[in-house]
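To keep things clear, I will list the structure first and then write my remarks on it.
Labels below follow one simple rule: chain letters A, B, ... track the order of the sequence lines, proteins then strands, and each chain is numbered from 1.
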2 protein chains.
Amino acid sequence: MDETSPRSARKGATAVEGDPDADLAFDVFAKACPSRRTLEDVTGRWGSLTLGALHEGSLRFNELRRRVDGVSEKMLSQTLHSLERDGLVHREAQPTNPPRVDYELTPLGREVAERLLALIHFVEDRMPSVLDAQQSYDVTRGTR
Amino acid sequence: MDETSPRSARKGATAVEGDPDADLAFDVFAKACPSRRTLEDVTGRWGSLTLGALHEGSLRFNELRRRVDGVSEKMLSQTLHSLERDGLVHREAQPTNPPRVDYELTPLGREVAERLLALIHFVEDRMPSVLDAQQSYDVTRGTR
DNA sequence: CGGTATCCAAAGGGATACTG
DNA sequence: CAGTATCCCTTTGGATACCG
């Protein structure tokens, strides 16, 4: 392997053009890249759970709050704004009284959520192995 | 659709047994579930980048530090401990002088990293759309 | 109902110094 | 090289109160 090129292993995942560097344009490993911020919105503590919840269908604010157990109003509001700004969530407000607002994934958001859920389900599925590993670790090392 | 059953949409992703509730045992949407903690280790700011970096091959501590641009010694150390405890990363220390320690993914870690990278690469790939959405949002709303 | 504003405590996280 | 320990500032995030 080429020792002088640290990114030599990268291959274009879904490159559209013939440009071989297209997949490096938004390298999340680079500190200043905007993709890192977006990735954090998606994978963050509440962002990931919110996207996961919305993948099952459109939900209202307080429905979401109950579904994403433990999230505060403030954090849910903040999370939804970020995801809406990134174009992953659509906010549908009806000017009725009392007000009714529905949140749903955009087409792009749905694609993100699918990949995210593949990861989430896999982790859930392998929790027994993880729990085993944690026990072994805690026994031999300090109890964390 | 069954309005009374909020989890009705869930399907077993990689269910091994015939138990239909096997995929609910470690539900990440429940506040107290240990899977949520593990998911945060995996998707967290530094955890995700560390797993991503190690997917390309075994790396030493300072190699990792350079690869994951912006991480501090403290955070990298902490992150590696968490991932090792979860059984996703293996630490190979050689008692030489100067010391040499290599970090590499375990088989389980590799499976996690694959799903994680699918998400990361997708986000990187769609950054132009995300950036567009952000611009539209910032124009119509306040500048965040 | 669907939020925003404010306050404050707790955790996150960087810089530096130091050890084996 | 591969970390740990300490200091200290910054961010996160919960609780509460309030508004349309």
Side-chain angles (χ1 to χ4, degrees), chain A residues 29 31-32 36-50 53-54 58-85 89-104 137 140-144, chain B residues 29 31-32 36-50 53-54 58-85 89-104 137 140-144:
Chain A
F29 287 97
K31 190 176 175 180
R36 186 181 282 194
R37 183 73 181 266
T38 301
L39 184 66
E40 280 166 27
D41 289 340
V42 170
T43 61
R45 189 169 177 190
W46 303 122
S48 58
L49 297 180
T50 300
L54 288 177
S58 168
L59 288 172
R60 300 173 66 174
F61 189 84
N62 281 318
E63 288 175 338
L64 259 174
R65 242 200 110 184
R66 281 186 292 274
R67 184 77 182 79
V68 180
D69 190 19
V71 70
S72 68
E73 290 185 1
K74 180 183 169 181
M75 282 302 104
L76 181 55
S77 174
Q78 213 171 90
T79 300
L80 285 169
H81 279 311
S82 295
L83 295 177
E84 189 189 355
R85 193 175 102 101
V89 163
H90 175 68
R91 183 179 185 277
E92 184 82 25
Q94 284 158 34
T96 59
N97 194 313
R100 178 188 176 101
V101 181
D102 289 270
Y103 292 93
E104 62 182 348
Y137 185 93
T140 58
R141 317 299 224 262
T143 314
R144 212 222 233 233
Chain B
F29 288 96
K31 191 177 176 180
R36 186 181 282 193
R37 182 72 181 266
T38 301
L39 185 66
E40 280 167 26
D41 290 340
V42 169
T43 61
R45 187 168 178 190
W46 303 123
S48 59
L49 297 179
T50 301
L54 287 177
S58 167
L59 289 172
R60 300 175 65 176
F61 189 84
N62 281 320
E63 288 175 336
L64 259 174
R65 244 201 109 182
R66 281 185 293 273
R67 186 76 181 80
V68 181
D69 191 19
V71 70
S72 68
E73 291 185 0
K74 179 184 170 181
M75 283 302 104
L76 180 56
S77 176
Q78 212 170 91
T79 299
L80 286 169
H81 279 312
S82 294
L83 295 177
E84 189 189 354
R85 192 176 102 102
V89 164
H90 174 68
R91 183 179 185 276
E92 185 81 25
Q94 283 158 36
T96 58
N97 193 312
R100 178 189 177 102
V101 180
D102 289 88
Y103 291 93
E104 60 181 350
Y137 185 95
T140 59
R141 318 301 223 260
T143 315
R144 210 220 234 239

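- Each of C:dG3, C:dG14, D:dA2 was ranked by its minimum atom distance to the side chain of B:Val101; first place goes to D:dA2.
- Taking side-chain N and O atoms only, B:Tyr103 has no distance below 4.0 Å to OP1 or OP2 of D:dC1.
- At whole-Å resolution of the value, CE in B:Met75 and C1' in D:dC9 are 14 Å apart.
- Of all the heavy atoms in A:Ala53 and A:Arg67, the pair that sits closest is CB-CG, 3.7 Å.
- To the nearest angstrom, P of D:dA2 lies 4 Å from CZ of B:Arg60.
- Across C:dG13, D:dT4, D:dA2, the shortest atom-to-atom separation from the side chain of B:Trp46 is found for C:dG13.
- For C:dT4, one of the phosphate oxygens OP1 or OP2 lies less than 4.0 angstrom from a side-chain nitrogen or oxygen of A:Ser77.
- The minimum heavy-atom distance linking B:Leu54 with B:Tyr103 is given by the pair CD2-O, 3.4 Å.
- Listed candidates were C:dT6, C:dG14, D:dA2. Nearest to the side chain of A:Lys74 is C:dT6.
- Mapped onto DNA chain C by nearest heavy atom, A:Pro99 and A:Glu73 fall at different nucleotides, with A:Pro99 at the one closer to the 5' end.
- When heavy atoms are screened at a 4.0 angstrom cut-off, A:Arg91 is found touching the sugar-phosphate backbone but no base atom.
- In terms of heavy atoms, A:Trp46 sits closest to A:Val68 at CE3-CG1, 3.8 Å.
- Candidate nucleotides D:dA2, D:dT4, C:dG14 were compared by shortest atom distance to the side chain of B:His81, and D:dT4 ranks first.
- Computed from coordinates, the B:Asn97 CG to D:dG3 P distance equals 14 Å when rounded to whole Å.
- Remark: C1' of C:dG12 and CD of B:Glu40 are 13 Å apart, rounded to the nearest angstrom.
- In terms of modelled atom types and a separation under 3.5 Å, the side chain of B:Thr43 and the main chain of B:Leu39 share a donor-acceptor contact.
- In this structure, the CZ atom of A:Arg45 is 18 Å from the P atom of D:dT11, given to the nearest Å.
- The A:Asn62 side chain lies nearest to C:dC1 when the options are D:dC1, C:dC1, C:dG13.
- Following rounding to the nearest Å, A:Arg100 (CZ) and C:dG3 (C1') show an atom-to-atom distance of 16 Å.
- In this structure, A:Leu80 atom CG and C:dG2 atom P are separated by 11 Å, rounded to whole Å.
- The CD atom of B:Gln78 sits 13 Å away from the P atom of C:dA11 (whole-angstrom rounding).
- To the nearest 0.5 Å, the span separating NE2 on B:His81 from CG on B:Leu76 amounts to 9.5 Å.
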